[in-house]
Amino acid sequence: MSDAVKNVKLHLVVLGLVVVSELIGIVAFKVGPGKLVLLPMLYAMFMGIFTGPKFTKIFKEKEMIQASTLVGLTLLLLMARYGTLVGPKFYEILKAGPALVLQEFGNIATLFIGIPIAIYLGLKREAVGAAHSIAREPNVALIGDIYGLDSAEGRGVMGVYICGTVFGTIFFGLLASFLAAFNIFHPYALAMASGVGSASMMTASIGSLSACYPEMAENIQAFGVASNTLSGLDGVYMSLILALPISNKLYAYLYKLKYKTSEVEA
Amino acid sequence: MTANRSLIESCIVLIIVSVITLIGNAVGFNNGIIESLPGMGILLLLCIAGVATNMFVFKKIPSVLFVITYGVIITLPTFPFAPAVNAYVSKVSFLALTTPILAYAGIAIGKDLATFKQSGWRIVVVSIFVMISTYVASAAIAQGVLKYMGDI
């Protein structure tokens, strides 16, 4: 990592990307019932991709590897901010009720569906990173810490993270209004489920729900925010203690089933 | 990964990223660099404390967990300095922190672009199922519990 730390050019280019992205600012479009929101982080990522040898040739292969060793560490600053968002609301969240707490277990459901699909599609260790959770910042940081973001698991979690960043907002906005239209779930249940992802996904989903049920808008927003904050708090613990170990077991089992050999020998 | 990373190196990287964040925070969110400095410093200390705990005390537990937990503790309403900490930290926009991370990530992704092309569509399919299953399962559990408690 010491080479990466000393690479002044790398940090200066990142600074440049950040300044340009922030100058462009947040852009929002109305798409159907939902809202598509473009954030500076998206521009920064796309411009970053274009610095590579395939495009503008600003960075070489070696420097890209250096950059990837730094991502896990940079995430920590965001995680610190995450903690400070949860702290002030901690006691309100405790009061918010068992439904809010129990629905968090819905986050684990993704691995029972995601991992079989990922393995069926031919993904290997990427499956664990990709499908153990909804792959938001805390999960990326966790996978980065355990496997490194250069590993197969790291590629998986980054892939889903990027898809979520690019399509998540619009997808959640549409999903919420779609499910609301079918009347299977109570708006409060949908509001609590809105907190599973990032703040922008939550905002999109809560936004569409509030538009569908204007008379319940205030409660819907309160449940959404509380649930999102709760996910921020327990998401990492839940992934580390439950989701990741179960994912690994399920992966090993399905791998054996599909390739007729255990993972280690392969 | 954590083993070969010395604490000093980690601190230097965190300081560099803090400076970049401060500049982005000033450009995009009109939070002056001087007024955001104390908040950024607090976040930086939380990270260093988290990394150090992972390095010297609980080597098996990822530093992310400590960083988040320390952040929660110092902002709990019952923590003596919580109001001051909140006021300082609120000057550092949440979104301003995400931009530098994705800039580094974007540069790093460049090298995996070929791999992403190869497995890219599969990851997209998996992502869609991940998002749907998480949302629907959470909604179903919430629905069941709310019904059981008689709240709806």
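Reminder, nothing fancy here: chain letters follow the sequence lines and each chain counts from 1.
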If I measure from the heavy atoms of chain A, does [X] come under 4.5 Å with its side chain, its backbone, both, or neither?
X	result
B/A26	neither
B/F29	side chain
B/I16	side chain
B/I128	both
B/A82	neither
B/I132	both

I need the [X] [atom1] to [Y] [atom2] distance, nearest 0.5 Å.
X	Y	atom1	atom2	answer
A/L17	B/I107	CG	CD1	5.5 Å
B/M131	A/M201	CE	CE	5.5 Å
B/T134	A/I113	OG1	CD1	8.5 Å

If you count heavy-atom pairs under 4.5 Å between each of [options] and chain A, which one has the most?
options	answer
B/I42, B/V145, B/T99	B/T99
B/L76, B/I12, B/T69, B/V17	B/L76
B/I73, B/V130, B/V67	B/V130
B/L102, B/L46, B/I141	B/L102
B/V72, B/L44, B/L97	B/V72
B/G24, B/A137, B/G106	B/G106

Note to self: Closer than 3.5 angstrom, by distance alone: can the side chain of A/E22 be matched with the main-chain N or O of B/N25 as a donor-acceptor pair?
What the structure shows: no
Next item on the list: Look at the side chain of A/R81 and the backbone N and O of B/V92, then say whether any donor-acceptor pair between them is shorter than 3.5 Å.
Entry: yes
For chain B, find which of [options] contributes the most heavy-atom pairs closer than 4.5 angstrom.
options	answer
A/I184, A/T110, A/L240	A/T110
A/I24, A/I58, A/L75	A/L75
A/A141, A/A127, A/G114, A/A135	A/A141
A/V236, A/T51, A/V14	A/V14
A/I108, A/I115, A/N107, A/V13	A/N107
A/L77, A/V196, A/I49	A/L77

Report yes if the side chains of [X] and [Y] come closer than 4.5 Å at any heavy-atom pair, otherwise no.
X	Y	value
A/F185	B/L146	no
A/P138	B/V64	no
A/L179	B/V136	yes
A/E137	B/I101	no
A/I134	B/Y135	no
B/I23	A/V18	no
A/D145	B/S63	yes
B/Y104	A/L10	yes

Which bit of [X] is near chain B, if near means a heavy-atom gap under 4.5 Å: side chain, backbone, both or neither?
X	answer
A/F105	both
A/S194	both
A/M47	neither
A/F59	side chain
A/F46	neither
A/L121	both
A/A176	both

Taking all atoms of both residues into account, what is the closest heavy-atom pair of [X] and [Y], and its distance?
X	Y	answer
B/A139	A/A189	O-CB, 3.5 Å
A/A109	B/S133	CB-O, 4.3 Å
B/P77	A/G87	CD-O, 3.4 Å

Next item on the list: Return yes when atom CZ of A/F171 has more than 12 non-hydrogen atoms of other residues, nucleotides or ligands closer than 6.0 Å, and no otherwise.
Entry: yes
Check: B/Y88 and A/T84: side-chain donor and acceptor closer than 3.5 Å?
Finding: no
Note to self: Test side chain to side chain contact (heavy atoms under 4.5 Å, CB included) on B/I123 and A/L123; report intermediate values, then the result.
What the structure shows: CA-CA 9 Å; B/I123 289 280; A/L123 295 174; 4.2 Å; yes
